[in-house]
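Input: a single structure, listed below in structure tokens.
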Amino acid sequence: MPRTELIVGVVGATGMVGRELVALLERRRFPVGELRPFSSGRAKSSVLFRGRRVNAPGVDAASLAACDIVFLVSSDEVSLELGPKLAKAGVWVIDDSAAFRMDPKVPLVIPEVNASALRKDRRLIAGPNCTMTGLAVAAAALHGAAKVKEARIASYQAVSGAGKAALNEFFGQATRRLSLHSDGRAPVLSEPKSKALPRAIATNVIPQVGRFDEHGHSGEERKVAAELRKVWNAPAMKVSVTAVRVPTIRGHALACWLTLAKPLSASKAMALMKRTPGLRLSTGADYPTPLSAAGREHVMAGRVRAGATSRELALWVVSDNLLKGAALNSVQVAEELLRRRWLGSRAAARG
Ligand SMILES: NC(=O)c1ccc[n+]([C@@H]2O[C@H](COP(=O)([O-])OP(=O)(O)OC[C@H]3O[C@@H](n4cnc5c(N)ncnc54)[C@H](OP(=O)(O)O)[C@@H]3O)[C@@H](O)[C@H]2O)c1
């Protein structure tokens, strides 16, 4: 890796993903010479980096344009506004929002799966949806060996996937609910009002993640299908999804059924998965859960078994939505740019 230290911008540094990203830059020793974190600017805020507090003011476009690389971890609207301008100004931009993922000119990259999609002249790069990332990694080798024709997926998505407002609301609701005592009967609870999610999430599950379209598919269901096809370069693959928010804090879990072009036994599938980079496979009666996957950098899978036919496999996948589903994947993309020597200090290059 080049030794040159970089000017690194993070827009949305005070959010769920942003705080993880700043911590990863430090933990993975990314060559940060100067960190420029930004927030909405609505309140005075800061982030902790290498033991000191760094102020995170509202966005300053000129300061961002002078960065070597900028991570956008804020919202679709902010990414739409900043991403193309920064890339045009020569800044590498790694965007975690959904704004550009399906743009054919923007690479959508999970480094272990499709680093080949990166282009030296495409400085705006999208990171994928946190729900599909786990499956895209876990079953990449199965797709390579036996081609997935159809994927059916049910998701169990943690509240942190909806951002800090949703998590704060969940904590408030859960704290009140956990003080309940049973008199021997299961209590019938009323449903409190919810602002950040479509329904109350504590002691509940919600079969809606994002807005429904005219066909009844939610935004998350559409994203998972479209992005899996793009990352696996499988435009004809059929994907059906039911996306569900569950009252866990971090770690999205997926129950998946894959129909393959040719038969593949569960034991051969597991042998392939054991060799997959970024994946940890549980076998036998062991399996990962959102609690065991939380804070882990790798994707975790288990319960690999034969489906209803010799061409069908069922599996269970869990990954930390804030790490591999967002911040870690973005940092890994940046590390790949460093490895290729595409990312360096623009100031040093100018002399
Ligand atoms: N959460 C996940 O699991 C996940 C996974 C994959 C991708 N993503 C994507 O990552 C992005 C961030 O998600 P999140 O969950 O971290 O959201 P979040 O917790 O709600 O944080 C949002 C961040 O954006 C900042 N922000 C809000 N409005 C802004 C503005 N106008 N200009 C600049 N900054 C602004 C907030 O600053 P304040 O602190 O001042 O409010 C905060 O730092 C979203 O695009 C999301 O779709 C999230």
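Counting starts at 1 for both ligands and their atoms, in listed order.
An N or O contact shorter than 3.5 Å links K164 to ligand 1 by distance. Inclusion of S160 in the set of residues having an N or O under 3.5 Å from an N or O of ligand 1 is warranted. When only interatomic distances are considered, the shortest N/O to N/O separation between V17 and ligand 1 falls below 3.5 Å.
Distances from atom 46 (C) of ligand 1 to the heavy atoms of D96, L21, N129, V10 show the closest one on D96. Considering L72, V78, V47 only, the shortest heavy-atom separation from atom 30 (C) of ligand 1 involves V78.
Contacts with ligand 1 closer than 4.0 Å are made by side-chain heavy atoms of V59 only, the backbone lying farther away. With a 4.0 Å cut-off on non-hydrogen atoms, S75 touches ligand 1 through its backbone and not its side chain.
When all heavy atoms of P192 and A200 are compared, the closest pair comes out as O-CB, 3.5 Å.
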Show the numbers, then the answer: is there a side chain to side chain donor-acceptor pair (under 3.5 Å) between T259 and R311? CA-CA 6 Å; T259 305; R311 292 194 297 114; over 6 Å; no

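Using bins of under 30°, 30° to 60° and over 60° for the plane-to-plane angle, the ring pair F30/F71 lands in the perpendicular bin.
From the protein, the heavy atom lying nearest to atom 43 (O) of ligand 1 is T14 OG1, 2.7 Å. Looking only at heavy atoms of the protein, atom 40 (O) of ligand 1 is closest to S40 OG, 2.6 Å.
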